[in-house]
Visitor: 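The structure under discussion is supplied below as structure tokens; questions concerning it will follow.
Fair warning: this is a prediction, and the values are worked out from it, not measured in the lab. Residue numbers start from 1 in every chain, and the chains themselves are labelled A, B, ... in the order their sequence lines are given, proteins ahead of strands.
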Protein chains: 2
Amino acid sequence: MLPSTLFSRAAAIGHGTAAETICNALRSAISENMLPAGQALPQAELANGFGVSIIPVREALKRLEAEGFVTSPPNRGAMVLGMNEADIEEYSRIRALLEEQAAADGVRNMTRVQLAQVEDAYEAFVEGVAAADGQRRSGALNRAFHNAIYVAAGRPRLFEMIDDLHTRLDRYIRGHLVIEGRKEVTDREHKAILDACRARDADLCARLTREHILEAAAISIEVMRRPKKKADRARSIRG
Amino acid sequence: MLPSTLFSRAAAIGHGTAAETICNALRSAISENMLPAGQALPQAELANGFGVSIIPVREALKRLEAEGFVTSPPNRGAMVLGMNEADIEEYSRIRALLEEQAAADGVRNMTRVQLAQVEDAYEAFVEGVAAADGQRRSGALNRAFHNAIYVAAGRPRLFEMIDDLHTRLDRYIRGHLVIEGRKEVTDREHKAILDACRARDADLCARLTREHILEAAAISIEVMRRPKKKADRARSIRG
DNA sequence: CTCATTCACATCGTCGATAATATAACATCT
DNA sequence: AGATGTTATATTATCGACGATGTGAATGAG
């Protein structure tokens, strides 16, 4: 059964074609872990929930399949695609490679106003995670900080690929800030990256960015392994 | 008007759903430069040509849109998406980054049989381009040689991304071997890369791979600029 | 009791037809 | 004449219905 919250946000996005709206709603739902890996996505149910026919649903699923969020074997129905540890690690290493490059080029080409925007994004992150709903917004704020550096690189295609990768990995790395003590570490690392931007040290910024990403990935994988017990317990309670 | 050769190959692929068949036919047609950038893709005409209704055509186009081969603004029809020089250069640099990594990891993890496969692929390329239809097959053979190294890296996701990038760039870099004297240079570079594999020198192989890609990209961009005159002349003759 | 076979069911894939939207050609007004 | 509003047309986006395909339960044989 699909969560009812999935359908409510479709009305809010409302723009463009129905297929587009559904595609975006599903993508963000998957990306935000509202739909777990393996979740079945029956066309009829989706069509009913969104109040449309199955045609736009099919097109949305086709697109999401191409983007790597769902798989839909012919005649067997679509389901949310999950990653295993190896995938997460591999994608994270690719992210490290690309973002390292974007960070270096970003620092090299950064104007004064762009540096100011990076500083603003840094402040926004610090204040944001300290706020009441900080846990929920921390992901977006973290992303905004790094993106502020990458846009300075002036590489729209590289930026796109980084953004895509981040969207695909989000549901796995989301929440790695919640772990005790991580907030301070992340803050320290962001500060170091910001200082590297100020000092116009492209190589340092690249190296710090790389380590920042690989560390976050390692922690996320570790966290992913840990709560297995809780799931098993929940299942044994239910069964 | 769409080229009639486009539709003939659909029957050959035949497997799976109609949408899939059409998607593959269009992708390879675009990738092989049969459909130039800016070419309009009217749903009705495609449906007629492939002998199906417009529904599978729409789904194929949606997928190709996600993959970056076509754009389809709402209610305005799909067209083949083209890249400008900046895009080609940017994507080529990303390719260099990723393939450099894949080459290094490939050499580090390469087994004896994998090395033998790389050697076979090298031989196949040399013999293939010398053959009668060498010009047509050179792209696939070149790709097979490099891929033989990358598979040894044991990184399926990285491999996927490299393959996707190559497919998207193919129509622009295809034919850069045709230029006078390039065949020998490419052969020499491949030989050097192969020797680096034999010597298990990962860093050297990575560096050579990087240079190989960036050089090919630079040449392709240069070629892309050159024949502008011919196009202008053709236009002036027609007008 | 286990395994293979058959058949009914559920879901997906495709079709023809209709509604919605953008492009253009045209008439109208200043 | 130039700009603007309007209609005609072509194309896309969507719908409801039908046919195709895979899944799982019931049945029978070994």
Side-chain angles (χ1 to χ4, degrees), chain A residues 1-3 6-7 10-27 30 35 37-81, chain B residues 1-3 6-7 9-27 30 35 37-67 69-81:
Chain A
M1 184 58 68
L2 264 29
L6 170 63
F7 306 118
I13 314 176
H15 307 37
T17 70
E20 225 170 305
T21 305
I22 294 167
C23 183
N24 291 332
L26 282 175
R27 178 171 35 230
I30 293 170
L35 299 174
Q39 166 79 312
L41 300 171
Q43 299 177 353
E45 194 174 343
L46 289 170
N48 248 301
F50 286 112
V52 298
S53 119
I54 57 174
I55 302 275
V57 171
R58 287 178 58 76
E59 292 181 4
L61 290 174
K62 259 286 179 303
R63 166 137 206 174
L64 290 172
E65 189 186 354
E67 292 179 10
F69 288 101
V70 310
T71 95
S72 64
N75 296 313
R76 273 202 287 167
M79 61 163 49
V80 177
L81 189 55
Chain B
M1 186 56 69
L2 264 29
L6 169 63
F7 305 119
R9 63 173 57 189
I13 314 176
H15 308 32
T17 71
E20 224 170 307
T21 305
I22 294 167
C23 183
N24 291 334
L26 281 175
R27 180 172 32 232
I30 293 170
L35 299 174
Q39 167 76 269
L41 300 171
Q43 300 177 355
E45 194 174 341
L46 289 169
N48 246 302
F50 286 113
V52 298
S53 125
I54 55 175
I55 302 273
V57 171
R58 287 179 57 75
E59 291 182 4
L61 290 174
K62 259 287 178 301
R63 165 138 207 173
L64 290 172
E65 190 186 354
E67 291 180 11
F69 288 101
V70 309
T71 69
S72 64
N75 297 311
R76 272 201 287 168
M79 60 162 50
V80 177
L81 190 55

Visitor: Identify, with sequence neighbours excluded, every residue that meets side-chain contact (heavy atoms from CB on, under 4.5 Å) alongside B:Ala19.
Guide: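 Residues passing side-chain contact (heavy atoms from CB on, under 4.5 Å) with B:Ala19: A:Lys62, B:Thr17, B:Pro56, B:Glu59.
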Visitor: Only counting residues at least two apart or in another chain, list the ones meeting side chain to side chain donor-acceptor pair (under 3.5 Å) with B:Gln39.
Guide: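 None.
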Visitor: Strictly under 4.0 angstrom, non-hydrogen atoms only: write out the protein contact profile of nucleotides 5-16 of chain C, one letter per nucleotide from the 5' end, B, S or -.
Guide: -------SBBBB
Visitor: Go through the structure and list residues passing salt bridge (Lys or Arg N to Asp or Glu O under 4.0 Å) with B:Glu20, not counting sequence neighbours.
Guide: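 Testing B:Glu20 for salt bridge (Lys or Arg N to Asp or Glu O under 4.0 Å), a comparison that skips the adjacent residues, returns none.
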Visitor: Listed by chain and number, what are the side chain to side chain donor-acceptor pair (under 3.5 Å) partners of A:Gln43, not counting sequence neighbours?
Guide: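 A:Gln43: no side chain to side chain donor-acceptor pair (under 3.5 Å) contacts found.
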Visitor: In degrees, rounded to 10°, what is the bend between the two ends of the helix from C:dC1-D:dG30 to C:dT30-D:dA1, using five pairs at each?
Guide: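 Answer rounded to 10°: the end axes differ by 10°.
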Visitor: For B:Phe50, enumerate each residue passing the ring-ring contact (aromatic ring centres under 6.0 Å, His included) test, keeping only those at least two apart in sequence or located in another chain.
Guide: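 With neighbours one apart ignored, the set is B:Phe7.
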Visitor: Can you find a pair of side-chain heavy atoms, one from A:Val52 and one from A:Leu46, that are under 4.5 Å apart?
Guide: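 A side-chain contact is absent here, since even the closest heavy-atom pair is not under 4.5 Å.
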Visitor: How would you list all residue pairs meeting salt bridge (Lys or Arg N to Asp or Glu O under 4.0 Å) that involve residues 39-55 of chain A, not counting sequence neighbours?
Guide: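 Every candidate salt bridge (Lys or Arg N to Asp or Glu O under 4.0 Å) pair involving residues 39-55 of chain A fails, so no pair, neighbours aside, qualifies.
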